[in-house]
Amino acid sequence: MPSARSSDVLVVGGGIIGLVTAWRAAQRGLATALVDPEPGGGAAQVAAGMLAAVTELHFGEETLLGLNLASARRYPDFAAELTEATGQDLGYRRSGTLAVALDADDRAHLRELHALQVRSGLESQWLSGRECRRLEPMLAPGVRGGLRVDGDHQIDPRRLAAALVTACERAGVVMHRTWAKRLAVARERATGVVTTEGTELGAERVVLAGGSLSGRLEGVPEEAVPPVRPVKGQVLRLTVPRRYAPFLNRTVRAVVRGSHVYLVPRENGELVVGATTEELGFDTTVTAGGVYELLRDAHELVPGITELPLTETRAGLRPGSPDNAPLLGPSALDGLLLATGHHRNGVLLTPVTGDVMAHVLATGELPAEARPFTPLRFGAPARTELPV
Ligand SMILES: Cc1cc2nc3c(=O)[nH]c(=O)nc-3n(C[C@H](O)[C@H](O)[C@H](O)COP(=O)(O)OP(=O)(O)OC[C@H]3O[C@@H](n4cnc5c(N)ncnc54)[C@H](O)[C@@H]3O)c2cc1C
């Protein structure tokens, strides 16, 4: 079998998570390679790019909150370092977020969320409907109240992905632009992958960062297969003509009749409206129903959007895990590590994931902040039999 030079670390998957892992590993002096037919593609081409540790807090996800906050704190330095390393602008914008309620039910839900945020020590300010509209005059007159969260920022995920590709190349990461078909295993240890062309890429350690496809790599022993599933999200992109700017000053979001809708305004005039949440396997069809739902809910929130040109509709796949939190670190198979399952927060979690994975690759130790996210937490099925 033809074999390419072996590396210390081989990353399978060049989405933002695989790329940041490879970049940080190479910076630690590890000989690093990455395999992906299209590095910089993946869910980042669709994602809105909210860095929303506070407004994305959900009941029951308080453990994940710690990691989300750790990553949010790293963002300013991370973005500055990546821009310095590549000369590329990332569209990083610290303009804050406003989460609003349109009716009494939404308002009650938002009040509960505010209480949880306050209990968790987060900065979030309750505003009346009038105060919300003073901040964002394009909001519907019916807005009943909202939460002002200045610490939830945004980045353009497409620019982030492109910059990470450049950073990897500059740091000496070897890019294999093809698919890994199968994991190579010898003496119960991962030794690399075999590509679709039949080439073996050898490595001391393999990091599986295949996003929603992470459970599909052949040859991974059953106990090490990540329990990751695709969660479809449809997103629209509109353009704000110069004469309307600034249309919105910050990210505006709401729960409308139980569905989440958000509008993320970029500095370049792009307005991202998202997102549906659908459990439909690997389907990425943009549907009339999905587009209708997003426009209907966004229009209820900000009626003026119907005046804007609709420039793109797209669907992507979030890598969902059973507890909505990522899987980071060694798997049940020696030599195979996982960096996947980032679900709705992969853009936010990019900086901390890079640091955690580089640390574990360089030292063998999972840092304390990442221990709750070990892939082994889903490992052995719970024993039900009583001891004899
Ligand atoms: C609609 C939508 C909106 C979102 N909004 C936000 C947001 O506002 N904020 C936020 O923080 N996150 C958001 N996310 C989530 C975020 O985009 C993802 O969590 C993140 O992009 C996942 O990155 P990844 O690198 O793990 O996976 P992916 O982006 O899926 O990349 C995986 C890569 O691995 C490659 N690959 C897979 N298998 C193989 C193989 N066998 N061989 C070679 N290559 C392989 C694929 O080609 C792909 O390039 C959103 C996602 C969606 C879909």
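We count residues from 1, following the sequence as given. The model shown is predicted, which means the values in this text are computed figures rather than measured ones. Start at 1 and go down the list; that is how both ligands and their atoms are numbered.
Atoms of ligand 1 lying under 4.0 Å from any heavy atom of Ala44, numbered from 1 in the order shown and given with element: 21 (O). Residue Tyr262 has at least one heavy-atom neighbour below 4.0 Å for each of these atoms of ligand 1: 3 (C), 5 (N). Annotation for ligand 1: atoms under 4.0 Å from non-hydrogen atoms of Val235 are 1 (C). Residue contact check: Gly233 has heavy atoms under 4.0 Å from atoms 1 (C) of ligand 1. Distances below 4.0 Å separate heavy atoms of Met50 from the following atoms of ligand 1: 7 (C), 8 (O), 9 (N), 10 (C), 11 (O). Every atom of ligand 1 with a heavy atom of Leu213 under 4.0 Å away is listed here by number and element: 37 (C), 38 (N). Residue Ala209 has at least one heavy-atom neighbour below 4.0 Å for each of these atoms of ligand 1: 32 (C), 34 (O). Within ligand 1, the atoms closer than 4.0 Å to a non-hydrogen atom of Asn345 are 10 (C), 11 (O), 12 (N), numbered from 1 in the order shown.
Using a 30° and 60° split on the angle between ring planes, Trp126 and His114 fall in the tilted class, from 30° to 60°. The aromatic rings of Phe247 and Tyr244 are tilted relative to each other, their planes meeting at an angle between 30° and 60°.
A side-chain N or O of Glu61 and one of Asn324 form a donor-acceptor pair less than 3.5 Å apart. Donor-acceptor pairing under 3.5 Å is lacking for the side chains of Thr97 and Thr55. No side-chain N or O of Thr166 forms a donor-acceptor pair with one of Thr86 less than 3.5 Å apart. Using modelled atom types and a 3.5 Å distance limit, the side chains of Thr287 and Gln234 yield a donor-acceptor pair. Neither side chain, Glu365 nor Thr363, offers a donor N or O lying under 3.5 Å from an acceptor on the other. In this structure, a donor-acceptor pair under 3.5 Å is present between the side chains of Glu197 and Thr178. A donor-acceptor contact closer than 3.5 angstrom is absent between the side chains of Gln45 and Glu38.
Between Val35 and ligand 1 there is a heavy-atom distance shorter than 4.0 Å. Within the structure, the closest approach of Gly49 to ligand 1 falls below 4.0 Å when heavy atoms are considered.
Contacts between Lys232 and ligand 1, counted as non-hydrogen atom pairs separated by less than 4.0 Å, are absent for every part of the residue.
When only interatomic distances are considered, the shortest N/O to N/O separation between Asp36 and ligand 1 falls below 3.5 Å. Remark: ligand 1 and His343 share an N or O pair separated by less than 3.5 Å (distance only, no angle test). Ligand 1 has no N or O atom lying under 3.5 Å from any N or O atom of Val231, backbone or side chain. The shortest N/O to N/O separation between Leu317 and ligand 1 does not fall below 3.5 Å. For ligand 1, one of its N or O atoms has an N or O atom of Ile17 under 3.5 Å away. Inclusion of Val347 in the set of residues having an N or O under 3.5 Å from an N or O of ligand 1 is warranted. Residue Ala180 has at least one N or O atom closer than 3.5 Å to an N or O atom of ligand 1. Remark: ligand 1 and Leu217 share no N or O pair separated by less than 3.5 Å (distance only, no angle test).
The environment of Glu312 atom CD is dense: over 12 non-hydrogen atoms of other residues, nucleotides or ligands sit within 6.0 angstrom. By the 6.0 Å contact criterion, CD on Glu279 is enclosed, its count of non-hydrogen atoms from other residues, nucleotides or ligands being greater than 12.
Counting only heavy atoms of the protein, atom 34 (O) of ligand 1 lies nearest to Gly13 CA, 3.2 Å. For atom 50 (C) of ligand 1, the nearest protein heavy atom (residue, atom name, distance) is Ala47 CB, 3.5 Å. The nearest protein atom to atom 51 (C) of ligand 1, hydrogens excluded, is given as Arg318 CG, 3.6 Å; this is a heavy-atom distance. Remark: minimum distance from atom 45 (C) of ligand 1 to any protein heavy atom is reached at Trp179 CZ3, 3.5 Å. Ranking the protein heavy atoms by distance from atom 5 (N) of ligand 1 puts Ala48 N, 3.4 Å first. Atom 27 (O) of ligand 1 has Gly211 CA, 3.2 Å as its closest protein atom, hydrogens excluded (heavy atom only). Gly15 CA, 3.4 Å is the protein heavy atom nearest to atom 31 (O) of ligand 1. In this structure, atom 28 (P) of ligand 1 lies nearest to the protein heavy atom Ala43 N, 3.8 Å.
Side chain of Arg93 to main chain of Pro265: a donor-acceptor pair is present (N/O by atom type, distance under 3.5 Å, no hydrogens or angles). Judged by distance alone, the side chain of Arg107 and the main-chain N or O of Arg144 form a donor-acceptor pair under 3.5 Å.
Residue Arg344 holds the heavy atom nearest to atom 14 (N) of ligand 1 of all those in His342, Arg344, Glu38.
Pairing each heavy atom of Ala22 with each of Val173, the nearest pair is O-CG2, 3.7 Å.
Put simply, the side chain of Leu90 does not reach to within 4.5 Å of the side chain of Asp156, judged on heavy atoms. Looking at heavy atoms from C-beta onward, Lys232 lies in side-chain contact with Asp283 at the 4.5 angstrom threshold.
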